Amino acid sequence: MTTPSRKLSSARLTQPTNAFVEEFTASVQFDQRLYQQDINGSIAHATMLSSVGILTESERDQIISGLNTIRDEIEADQFEWSIPQEDVHMNIEARLISLIGEVGKKLHTGRSRNDQVATDIRLYLRDMARPIAEQLSRLQTALLNVAEREADTILPGFTHLQIAQPVTFGHHMMAWFEMLSRDAERLNDCVKRINTMPLGAAALAGTTFAIDREQAAELLGFDRMCQNSLDAVSDRDFAIEFNSFASVLMMHLSRFSEELIIWSSAQFDFVDLGDAFCTGSSIMPQKKNPDVPELIRGKTSRVYGNLFNLLTLMKNQPLAYNKDNQEDKEPLFDTIDTLLGSLRVYADMMGVMTVKPDNMRQAALRGYATATDLADYLVRKGVPFRDAHEVVGLSVAYGIEHQKDLSELSLAELQNFSSHIAEDVFEVLTLEGSVAARDHLGGTAPNQVRAAVAKARKILD
Ligand code: ARG
């Protein structure tokens, strides 16, 4: 198989490109990933050109059949990508000409690589949004399963990483679920703007041919068309927006990872991530390291880096297209790959993670997690909150001194701190009583967790 060695765009230049410059300016090494979108875009373009009379039906058919052959060649790994042909677009076009001859040279009528590449990236992003949304929803489902299973499991909730109040593990998982739901919304929302067609903008000003942009848009499944040709070929804000969505999502996964790392330490020992998601140490035989969450925390920085990369890439560019934009692809591809991998491994890991309710319970008891409940109890008995706060502070100090949780103090002991305390106090001092009392929308009560899970399942379906 041969691709023409003569470059498609070099007639004006009298001297050959410097060999290293050729390699330096080429993008085919990485943009060949766009081959499907490039071929689909070209098929739509050729179809449109024939329907407006710029190509005959026979020319259109030869072009389409040539492009289909090229797709097969690429997928069978029989396509020779050539650096001198610079990028995915020229490689495919050159091969088309070598396959079908003169007719192939008509394909590029009324378009430019500038609107072509912008179209390809938008199509690619739109296509990749689907598997990303699927993985995200898999992870959400995994979280719902854990939340449902652990709706009654109690662990200490933290503020300042100090034990604050008891919460249910299901409630804690649903917090992450909520954050991921907003991420899914953000993805959907940016796909609306991604799915806008630049084709027809040509190099920058539009084309002198009577093209039918609407038809091309419909053929490619675009919801709308870019309304200004200069904007269409130059801006990459849709890619930046996608990367912003990705950065926020990774930020969430990174925070969650931080908790999993802390929780799986010997000091906390709240969860077991499963041997399949941890690794050992080459020197310390006792180690079981939470590599997966650590790596996701680490990979978050590369996604942030890609966002900053794209923002910086854009900020100095005058209208319209500049070669700088060729640099948009690698960060974008890297973000997509990182996201897909991270979501997938996370969903799998959530499927096997187990919790250690006894350790969580002990931690909550040691931390006087029901102190606020005692204060609220006193307020309900008519004690002003500030006074109640003080009474409880003194009770906790007494408990620490005698190594007892508040629920383990006797009624007589408690009554030393306030005469308002009666037998019914023990209903609020237990961990179960504490979580069950927070029984309103958004509260940690097991009832509420189950209701939240049921509601979320309906929305996810
Ligand atoms: N490989 C180029 C890119 O990724 C395609 C567009 C080239 N256009 C141009 N006028 N040189 O941006």
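All ligand and atom numbering here is 1-based and tracks the order in the structure. Please read all numbers here as calculations on a predicted model, not as lab measurements.
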Worksheet item: Counting N and O atoms only, with roles assigned by atom type, does the side chain of N145 sit under 3.5 Å from a partner on the main chain of G351, one being a donor and the other an acceptor?
Response: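 No, because the side chain of N145 does not come within donor-acceptor range (under 3.5 Å) of the backbone of G351.
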Worksheet item: Residues two or more places apart in sequence or in another chain: which of them pass side-chain hydrogen bond (donor to acceptor under 3.5 Å, both in side chains) with D120?
Response: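 If we apply the side-chain hydrogen bond (donor to acceptor under 3.5 Å, both in side chains) test to D120, skipping adjacent residues, the hits are H89.
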Discussion item. If the condition is side-chain hydrogen bond (donor to acceptor under 3.5 Å, both in side chains), which residues does S254 pass it with, not counting sequence neighbours?
Written reply: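 S254: no side-chain hydrogen bond (donor to acceptor under 3.5 Å, both in side chains) contacts found.
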Worksheet item: Hey, are H45 and Q116 close enough side-chain-wise for a donor-acceptor pair under 3.5 Å?
Response: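 There is no such pair between these side chains.
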Discussion item. Does any part of the side chain of L313, heavy atoms only, come nearer than 4.5 Å to the side chain of R236, both counted from C-beta?
Written reply: no
Anything under 3.5 Å between a donor and an acceptor, one on a side chain of residues 130-138, the other on a protein residue two or more places apart or in another chain? List them.
unit_1 : atom_1 : unit_2 : atom_2 : d
Q135   : OE1    : R138   : NH1    : 2.8
R138   : NH2    : D348   : OD1    : 2.3

Measure and list all N/O to N/O distances between ligand 1 and the protein that fall under 3.5 angstrom.
unit_1   : atom_1 : unit_2 : atom_2 : d
ligand 1 : 1 (N)  : S27    : OG     : 3.2
ligand 1 : 1 (N)  : D87    : OD2    : 2.9
ligand 1 : 1 (N)  : Q326   : OE1    : 2.8
ligand 1 : 4 (O)  : K329   : NZ     : 2.6
ligand 1 : 8 (N)  : N114   : OD1    : 2.9
ligand 1 : 10 (N) : N114   : OD1    : 3.1
ligand 1 : 12 (O) : Y321   : OH     : 2.4

